[in-house]
Number of protein chains: 2
Amino acid sequence: MDKSSPLQLPTSNSGTTGRTRKASVPGKKIIRDLGLKVTTQRLDILEVVRSGPNHFTAQDVFETVVKRSPDIGFATVYRFLRTLTDASFVTEIRMGGMPARYEWAAKDHHDHLTCNSCGKIVEFENEEIERLQEKVALRFGFLLTSHVLELYGVCPECRQKKVSQADAENSR
Amino acid sequence: MDKSSPLQLPTSNSGTTGRTRKASVPGKKIIRDLGLKVTTQRLDILEVVRSGPNHFTAQDVFETVVKRSPDIGFATVYRFLRTLTDASFVTEIRMGGMPARYEWAAKDHHDHLTCNSCGKIVEFENEEIERLQEKVALRFGFLLTSHVLELYGVCPECRQKKVSQADAENSR
DNA sequence: CAATACATGAGAATGGATTTCATTTTCAAT
DNA sequence: ATTGAAAATGAAATCCATTCTCATGTATTG
């Protein structure tokens with residue numbers, strides 16, 4: 001593997017004597033707490049996952065990391081994402097036939113509202129729905145452990161576009 | 001293809017002069033209304049899909065049909081299931097990395113409560129949750145077209161089992 | 001019955017995810 | 001710092017559900 005890269009990731013401590021910039025929880029700690037060995041690959045992945053956009057695929061992570069550390073492999077990304085998912089650091093959402101989407105789970109719980117036309121994703125949370133879900137589970141004697149609520153529709157912008165299209169067709 | 005099978009499926013009309021047993025909507029009509037040619041494969045698939053268990057995979061359908069008409073292919077099952085899904089006769093649910101589950105959609109809308117341990121699926125419907133979903137979509141200006149709500153938990157039986165296990169371990 | 005547009009089956013291809021395995025790296029004990 | 005055992009890695013092979021391809025077969029129209 002190419003170890004020559006002088007790059008040092010922002011939130012990964014280079015020495016053991018901490019005191020870098022704030023850095024919430026250092027990646028090293030997270031990895032150690034999982035009982036795993038600290039490797040540059042895992043630090044890289046963590047860095048990307050925590051600082052990147054809200055939703056990403058394994059491919060996204062791979063492509064971002066590979067720019068810095070060209071010798072990382074798919075397998076490592078998938079493996080570690082899986083580990084993070086199992087440990088609930090990351091939420092994995094697999095819908096449709098498309099690649100799994102992940103997100104760093106430290107933020108508040110939320111569900112998704114996705115636009116069928118443009119793919120835009122809006123996050124929302126609704127206490128009342130959550131409560132009702134609990135209620136439903138309880139009614140059947142289930143202990144609720146998780147849920148997936150994904151709403152699909154057409155966003156305001158795309159609705160507008162569709163109206164314009166229809167107008168155009170009518171005046172043809 | 002082997003056309004020698006004397007088997008005639010229960011709900012598929014052999015002649016054009018109807019009057020078989022009740023048979024809600026004849027399969028032929030459904031297929032014709034879709035603008036497709038009526039083939040024995042499609043009739044077979046429809047028959048299985050409509051008379052079988054609530055939830056099934058493409059594989060399930062294939063395996064059931066293949067017993068009667070050994071020369072059917074995967075492709076045909078997948079193709080027709082896709083068609084039925086597009087036409088909203090069938091609902092396709094793809095969760096996790098597992099094969100897609102399908103169900104005949106003519107029944108009332110419902111969501112699912114799945115047991116993590118034994119895989120049991122309970123169907124439920126909750127008007128209030130549906131209403132709230134609409135409300136959420138509206139708040140963001142979306143026109144809601146569909147949703148996926150899947151609850152996961154541990155069913156009563158499996159909860160019981162887990163308690164027993166824990167007891168056993170404690171007394172070791 | 002012929003013409004033809006559509007449907008089918010077999011197998012190849014796809015694509016995301018996982019596994020395998022030889023090699024490399026981490027890290028605790030020197 | 002050195003070392004050795006266990007763990008982690010990358011590359012490639014593999015898996016598996018699903019889709020595609022295409023030569024052949026079949027339903028439907030007239």
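Throughout, protein chains are lettered first and strands after them, A, B, ... in sequence-line order, and every chain is numbered starting at 1.
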Applying ring-ring contact (aromatic ring centres under 6.0 Å, His included), can you list everything that pairs with B/Phe89, at least two apart in sequence or on another chain? B/Trp104
Using a cut-off of 4.0 Å between protein heavy atoms and nucleotide atoms, how would you tag nucleotides 17-22 of chain D 5' to 3' with B, S and -? SSBBB-
Side-chain donor-acceptor contacts of residues 72-85 of chain B below 3.5 Å, not counting sequence neighbours, with atom names and distances?
from, atom 1, to, atom 2, distance (Å)
B/Thr83, OG1, B/Arg79, O, 3.0
B/Thr85, OG1, B/Leu81, O, 2.7

How long is the line joining CD1 of B/Ile31 and P of C/dC6, in whole Å? 16 Å
Side chain to side chain contact (heavy atoms under 4.5 Å, CB included), that's the test. Do B/Glu47 and B/Arg68 meet it? Break it down for me. CA-CA 12 Å; B/Glu47 160 69 9; B/Arg68 309 162 153 169; 3.5 Å; yes
For the backbone of A/Val38 and the side chain of A/Arg32, can you confirm whether one donor and one acceptor N or O come within less than 3.5 Å of each other? no
In chain order, what residues pass the ring-ring contact (aromatic ring centres under 6.0 Å, His included) check against B/His147, with sequence neighbours excluded? B/His109
Find the distance A/Leu43:CG to D/dA8:P and express it as a whole number of Å. 13 Å
DNA chain D nearest-nucleotide lookup for B/Thr39 and A/Gly73: closer to the 5′ end is A/Gly73
How long is the line joining CG of A/Leu81 and C1' of C/dG16, in whole Å? 13 Å
Provide the full list of side-chain hydrogen bond (donor to acceptor under 3.5 Å, both in side chains) pairs with a residue in residues 88-100 of chain A, sequence neighbours left out, each pair given once. A/Glu92-A/Arg94, A/Glu92-A/Tyr102
What's the CG-P distance between A/Leu46 and D/dA8, to the nearest Å? 14 Å
Going by heavy atoms in the side chains, are A/Glu63 and A/Thr57 under 4.5 Å from each other? no
To the nearest Å, give me how far apart CG (A/Leu36) and C1' (D/dT9) are. 13 Å
Taking side-chain contact (heavy atoms from CB on, under 4.5 Å) as the criterion, tell me which of B/Gln133, B/Glu128, B/Glu134, B/Lys135 meets it with B/Arg131. B/Glu128
Enter the inter-axis angle for the ends of the helix from C/dC1-D/dG30 to C/dT30-D/dA1 (five pairs per end, rounded to 10°). 30°
Do we see a donor-acceptor contact under 3.5 Å between the side chains of A/His55 and A/Glu103? yes
Rounded to the Å, how far apart are B/Arg42 CZ and C/dT8 P? 4 Å
Return the value, rounded to whole Å, for the distance between atom CG of A/Asp71 and atom P of C/dT23. 17 Å
Please determine whether a side-chain nitrogen or oxygen atom of A/Gln41 lies at a distance below 4.0 Å from atom OP1 or OP2 of C/dT25. no
For atom CD1 of B/Ile72 and atom P of C/dT8, their distance in whole Å: 8 Å
